[in-house]
Trainee: 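Quick one: this structure, given as structure tokens, is what I'll be asking you about.
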Amino acid sequence: MADRNVWLRRRKRISEIIEVGSHGDLPSRLYDILNAAAIVINLAASILYTFESVRTAWGGLIVSVESVTVAFFAVDYLLRVWTARCLHPSLPPYKAVWKYIASFSGLVDIFSFLPYYLPVFFPAGAVAFRMFRVVRIFRLFRINAYYDSLNVITQVIASKRQQLVSSVFIILVLMLASSLCMYSLEHEAQPEVFTNAFSGIWWSVSTLLTVGYGDIYPITTMGRVFSIVITFLGVGMVAIPTGIISAGFVDQYSRIKRLSEYANEADIHFIKVTLNARDAWAGQSIQQLGLPQETIVAAIQREGKIIVPRGDVALCPRDTLVLGAKSLENEKHIELKEVALRQQHPWNGLKIRDLDISRQTILVMVKRRGRVLIPNGDLKLLEGDRIILYTQSHLKEAQTIEI
């Protein structure tokens with residue numbers, strides 16, 4: 001049992017090192033720098049090797065550099081497979097490993113080194129395997145996780161994905177309709193150019209996306225008039241996704257600025273919440289919590305360590321979360337009242353929906369034997385319950401709580 005605990009601690013520590021680390025964790029930060037440097041050096045070596053003069057003079061060194069960096073990618077992949085269960089503690093070990101292997105990051109990681117070694121076992125497919133090495137460039141997305149400024153790109157695209165999908169759908173519909181119309185207008189005049197509907201699609205792509213290769217163009221009067229109309233529409237259609245992304249960048253940076261201003265002015269209030277096994281947040285990642293926009297998870301305390309609250313960090317029972325939210329802008333305090341149900345209290349044994357209270361009275365929570373219950377209509381109140389509520393009415397024996 002002792003040996004097993006030692007290996008569990010080692011696996012967890014290695015997971016902390018190879019994942020994006022905090023500024024206080026020096027080994028993790030050094031590994032982040034090493035990983036980013038290996039990605040950049042490997043891509044630089046791959047590009048330099050395509051120049052004949054450089055390949056002739058430094059070919060051996062470039063091949064050695066590529067071999068070392070690819071070996072580093074292989075070791076990094078094996079470590080991430082071994083520590084995958086630490087990222088998803090709520091899943092069984094095999095499911096946690098498969099979730100990483102089947103993810104976009106896992107596929108990019110394995111294609112970063114596997115095509116380099118496959119020709120050793122399958123020499124006949126060396127050319128095909130070499131083509132898969134292009135996937136290695138996607139490892140640049142790992143650098144995206146190290147810098148918050150780059151993370152804004154993925155956050156904007158994720159937050160605006162519905163609008164982007166809608167705009168792309170409109171462009172596809174317009175592209176298909178214009179291609180069929182152009183084929184109908186130009187097929188008889190130049191059947192060797194607009195041979196089928198696909199030829200019209202190629203023309204609509206180059207026109208709507210303002211590429212304009214000029215290899216296919218209309219020669220009839222109606223075709224040219226239609227082409228002018230489509231060109232104007234194309235400029236407007238392509239500008240829609242650009243405007244959506246630009247507006248998303250402005251919103252995201254404004255939100256980050258607001259949060260930083262709140263922190264500098266000490267205008268954020270923080271609370272500390274400890275999770276237990278029954279809480280709905282246990283086992284979920286931070287990005288799955290669905291927190292309001294101006295509510296942040298400032299820190300996670302786990303077994304005496306502070307964990308950086310990134311979106312893919314999974315929460316565990318006994319984690320302590322530090323939540324921050326903007327304080328009240330006005331000086332008006334909210335007064336809550338606490339009512340303790342005695343033996344003769346008229347609310348004893350009644351469901352909340354049956355209480356004779358005004359519409360302006362709101363039950364916030366019910367404390368029962370050390371537990372906090374969320375009030376709903378079916379909750380039956382019992383003797384000894386302590387009810388926290390907001391009301392402007394006078395309640396006998398109620399204690400005022402000022403927030």
Side-chain angles (χ1 to χ4, degrees), residues 1 5 8 12 85-86 88-92 268-307 309 313-328 332-403:
M1 180 63 68
N5 292 333
L8 290 176
K12 187 175 181 180
R85 65 183 67 178
C86 297
H88 310 286
S90 61
L91 298 178
I268 280 187
H269 284 188
F270 294 94
I271 61 172
K272 187 166 63 173
V273 178
T274 301
L275 302 182
N276 57 49
R278 297 188 301 271
D279 289 329
W281 285 7
Q284 293 190 352
S285 62
I286 292 179
Q287 62 189 3
Q288 295 173 335
L289 299 182
L291 295 175
Q293 185 176 4
E294 293 187 351
T295 303
I296 60 173
V297 180
I300 302 173
Q301 186 176 10
R302 179 181 298 169
E303 298 178 358
K305 296 181 180 180
I306 300 298
I307 299 176
V313 175
L315 302 178
C316 303
R318 297 186 300 278
D319 281 356
T320 299
L321 307 183
V322 179
L323 303 178
K326 184 182 177 183
S327 62
L328 293 174
K332 182 179 180 181
H333 296 285
I334 297 177
E335 291 185 352
L336 300 181
K337 297 183 179 180
E338 182 177 9
V339 178
L341 299 190
R342 309 297 181 186
Q343 184 176 7
Q344 302 299 325
H345 199 282
W347 289 2
N348 276 336
L350 295 180
K351 294 183 178 180
I352 290 179
R353 66 160 56 97
D354 299 329
L355 298 180
D356 185 15
I357 55 178
S358 65
R359 294 181 180 272
Q360 286 75 30
T361 300
I362 302 174
L363 273 68
V364 179
M365 68 177 68
V366 177
K367 296 181 181 179
R368 178 178 296 171
R369 299 188 184 92
R371 297 175 57 194
V372 176
L373 305 179
I374 299 176
N376 59 66
D378 294 326
L379 180 63
K380 181 183 289 187
L381 301 180
L382 304 177
E383 180 184 352
D385 287 352
R386 306 186 73 86
I387 304 171
I388 310 297
L389 51 86
Y390 170 78
T391 183
Q392 296 180 353
S393 304
H394 174 71
L395 294 178
K396 187 179 179 180
E397 299 180 355
Q399 298 180 359
T400 301
I401 303 174
E402 186 178 274
I403 298 180

Trainee: Flag yes if more than 12 heavy atoms outside K367 fall under 6.0 Å of its NZ atom; otherwise flag no.
Mentor: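 For K367, atom NZ is not crowded (no more than 12 foreign heavy atoms under 6.0 Å).
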Trainee: Nearest 0.5 angstrom please: I387 CD1 to L373 CG, how far?
Mentor: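 If we round to the nearest 0.5 Å, I387:CD1 and L373:CG are 10.5 Å apart.
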Trainee: As an exercise, state the distance from CG of L321 to CG of L289, rounded to the nearest 0.5 Å.
Mentor: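 Between atom CG of L321 and atom CG of L289 there are 8.0 Å.
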Trainee: Which residues pass the side-chain contact (heavy atoms from CB on, under 4.5 Å) test with L382, not counting sequence neighbours?
Mentor: R368, K380, D385
Trainee: Looking at residues at least two apart in the chain, or sitting in another chain, which of them share a side-chain contact (heavy atoms from CB on, under 4.5 Å) with T320?
Mentor: K272, T274, Q301
Trainee: For R302, which residues count as a salt bridge (Lys or Arg N to Asp or Glu O under 4.0 Å) partner, sequence neighbours excluded?
Mentor: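 Applying salt bridge (Lys or Arg N to Asp or Glu O under 4.0 Å) to R302 gives D319.
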Trainee: Between CG of D378 and NZ of K351, what distance do you get to the nearest 0.5 Å?
Mentor: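 Between atom CG of D378 and atom NZ of K351 there are 5.0 Å.
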Trainee: Under 3.5 Å, which donor-acceptor pairs link side chains of residues 278-285 to any protein atom two or more places apart or in another chain?
Mentor:
| from | atom 1 | to | atom 2 | distance (Å) |
| --- | --- | --- | --- | --- |
| D279 | OD2 | N276 | N | 2.8 |
| S285 | OG | Q288 | OE1 | 3.4 |

Trainee: Mind checking what makes side-chain contact (heavy atoms from CB on, under 4.5 Å) contact with A299, not counting sequence neighbours?
Mentor: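 Testing A299 for side-chain contact (heavy atoms from CB on, under 4.5 Å), a comparison that skips the adjacent residues, returns I306, V322.
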Trainee: Evaluate side-chain contact (heavy atoms from CB on, under 4.5 Å) for L341 paired with N348, printing each intermediate quantity in order.
Mentor: CA-CA 7 Å; L341 299 190; N348 276 336; 3.5 Å; yes
